[in-house]
Amino acid sequence: MVKLEIPKELPKNKLEKAGISKKTNEEHLKLWQGYAKNNNKAVEALNQRKNLKNVNATFSEVRNQKMGESFAYGGFLNHKVFFNHLNGDGEPTKEFLALIKADYDSFSNYINDLKATALASRGWAFCCFHFDTESIINVIGDTQNTFPVWNSNLILAIDMYEHSYFADFGTDREKYIDSILSIIDYNAVVKNIIRD
Ligand SMILES: [Fe+2]
């Protein structure tokens, strides 16, 4: 259980250049801050909990608090990864190209898979580095806390919740994805491989 510092502002990024309005970004920061605050509330409630009896899997306070903590922490971390790699030019680095070579052969194959993952998702497209195979996998996230693959690190995230694109792109999810991909900083992406 981890208590989080509330983010004060978005990291330096090119979101407005990519067509995401200032208003959307301001509201998005509030949501990010809300995940950190709610994570801390859930952690506090669980730390103070004395009664671990009368717990069940259908409806119980412990269940709600633990689910809430997982959702809020995921919401914080997903956004942290997302906002921290949006100040680039969308061009892959040599290190990133080496990572995708075995499974995707080319950068365009990798991007096609990532875009398909994002379009098939209801919440997030996650790109993860898997420590067993030392390779990259793209994973659907329908919510803030689904569907992680164990023993991997989240290194690239695309927010596919409507709040991130609807006000500026309407239903054109593909145009939004292309805009985000055009500002990805792959140096920042590769740095996320390191466990911290
Ligand atoms: Fe979001």
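Whatever order the structure lists ligands and atoms in, that order sets their numbers, starting from 1.
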If I consider every N, O or S atom in His163, which one ends up closest to the Fe ion (ligand 1)? I only need its name. NE2
Can you tell me the N, O or S atom of Asp159 that's nearest the Fe ion (ligand 1)? OD2
With sequence neighbours left out, what residues match Ser70 under side-chain hydrogen bond (donor to acceptor under 3.5 Å, both in side chains)? Asn145
Take Lys14 and Asp89 through the test salt bridge (charged side-chain N to carboxylate O under 4.0 Å, His left out) and record every step on the way to the result. CA-CA 9 Å; Lys14 293 181 181 170; Asp89 59 6; over 6 Å; no
At the Fe ion (ligand 1): angle between His28 atom NE2 and His79 atom NE2, to 10 degrees: 100°
Can you list the residues that meet the ring pair (Phe, Tyr, Trp, His ring centres under 6.0 Å) rule with Phe129, with sequence neighbours excluded? Phe131
Under 4.0 Å between a side-chain nitrogen and a carboxylate oxygen: does that hold for Lys3 and Glu44? yes
